[in-house]
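Report on one structure; see the data block that follows.
Since the structure is predicted, the reported quantities are computational estimates derived from the model, not experimental observations.
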Amino acid sequence: MAHVVPSLDQPSNYKDSQNRLERQSQSEALSKSTTLYVGNLSFYTTEEQIYELFGKCTSPEEGGGVKRIIMGLDRNTKTPCGFCFVEYYTHAEALASLRYVSGTKLDERIIRCDIDLGYKEGRQYGRGKSGGQVRDEHRQDYDAGRGGWGAQAQRLEMERRREVEARYQDAGEGPNAVAGGGGDWKDREAAASTKRARSPEDEGDSSRAAARSRKDRDQDEES
């Protein structure tokens, strides 16, 4: 059955795309590596959570353990962006984690582990155009654990909003502009109300007032 069921501690096809080692040299390095690449993490997963999970596959009595954890960061914001490197003291511990931890859940997400050639300074930053991971550039689904919509979808939404705002601004500045802010039309309405024409009722009130004035004047003259 060995040819039917693949071994769980075998590395996947993952590799660092910027590594220039030949295939044979890579295989030799992976056979001795003590580092795991961990992907599909939530942006909110902490280093303490990772240490607790990956520390279950260590053998301190044999001088092993988790040597260090390097959290993946957004290149621009320096905040977690969904991956990390876990470095052990021994290759056997890295294989054990690959066998038992990869494919399990952490923060309700199925995480992915692969044997890595080894961490180098600079690899902690995302390589996407927006600063995060490339996989989050073109993602079309909404993933609350990885910042919501993908970076490309967010850019398109921001551009759409800017276009809408620009149209409203143009509409407020043209010859047939609509009143903006609600203040201008109120001022014009108030001014118009003070200058409106006199109604028939107003005319009638004025006539009656004038008649009473004449009557009072005649009575004064008679007395």
Does R139 use its side chain to pair, donor to acceptor, with the backbone of D141 at less than 3.5 Å? yes
If you round to the nearest 0.5 Å, how far is CH2 of W149 from CG of D136? 13.5 Å
What pair of heavy atoms forms the shortest contact from F83 to G39, and how long is it? CB-CA, 4.4 Å
Y119 atom OH, neighbour heavy-atom count above 12 within 6.0 Å: yes
Can you tell me if S31 uses its side chain to pair, donor with acceptor, with the backbone of E28 under 3.5 Å? yes
Rounded to the nearest 0.5 Å, how far apart are CG of L98 and NE2 of H91? 9.0 Å
Without swapping roles, check the side chain of S33 against the backbone of A29 for a donor-acceptor pair under 3.5 Å. no
Between atom CG of L41 and atom CG of D107, what is the distance when rounded to the nearest 0.5 Å? 8.5 Å
Could you go step by step and tell me if Y88 and L36 meet the side chain to side chain contact (heavy atoms under 4.5 Å, CB included) rule? CA-CA 8 Å; Y88 290 96; L36 284 180; 3.9 Å; yes
For C81 against Q133, the heavy-atom pair lying closest together: O-OE1, 3.1 Å
Quick one: does any side-chain atom of T35 pair with a main-chain N or O of E87 as donor and acceptor, under 3.5 Å? no
Between R112 and N40, does any side-chain donor sit less than 3.5 Å from a side-chain acceptor? no
Using modelled atom types and a 3.5 Å cut-off, is there a donor and acceptor pairing between side-chain atoms of R127 and backbone atoms of R75? no
Aromatic ring pairing F85/Y37, orientation class (parallel under 30°, perpendicular over 60°, tilted between): perpendicular
Establish, from distance only, whether the side-chain atoms of E137 and S130 form a donor-acceptor pair under 3.5 Å. yes
With a 3.5 Å distance limit and no angle check, can you tell me whether Q49 reaches the backbone of E47 through a side-chain donor-acceptor pair? no
S42 side chain to Y44 main-chain N or O, any donor-acceptor pair under 3.5 Å? yes
When you measure from the side chain of Y89 to the backbone N and O of E62, does any donor-acceptor pair fall under 3.5 Å? no
Are I69 and I115 linked, directly or through intermediate hydrophobic residues, by side-chain heavy-atom contacts shorter than 4.5 Å (ILVMFWY only)? yes
Test item: E93 side-chain N/O and S59 main-chain N/O as donor-acceptor pair under 3.5 Å: yes
What's the separation between atom CD1 in I70 and atom NZ in K120, rounded to the nearest 0.5 Å? 13.5 Å
If you compare all heavy atoms of P80 against all heavy atoms of L73, which two are closest, and at what distance to 0.1 Å? N-CD2, 3.9 Å
Kindly check if the number of other-residue, nucleotide or ligand heavy atoms within 6.0 Å of CD (E61) is above 12? yes
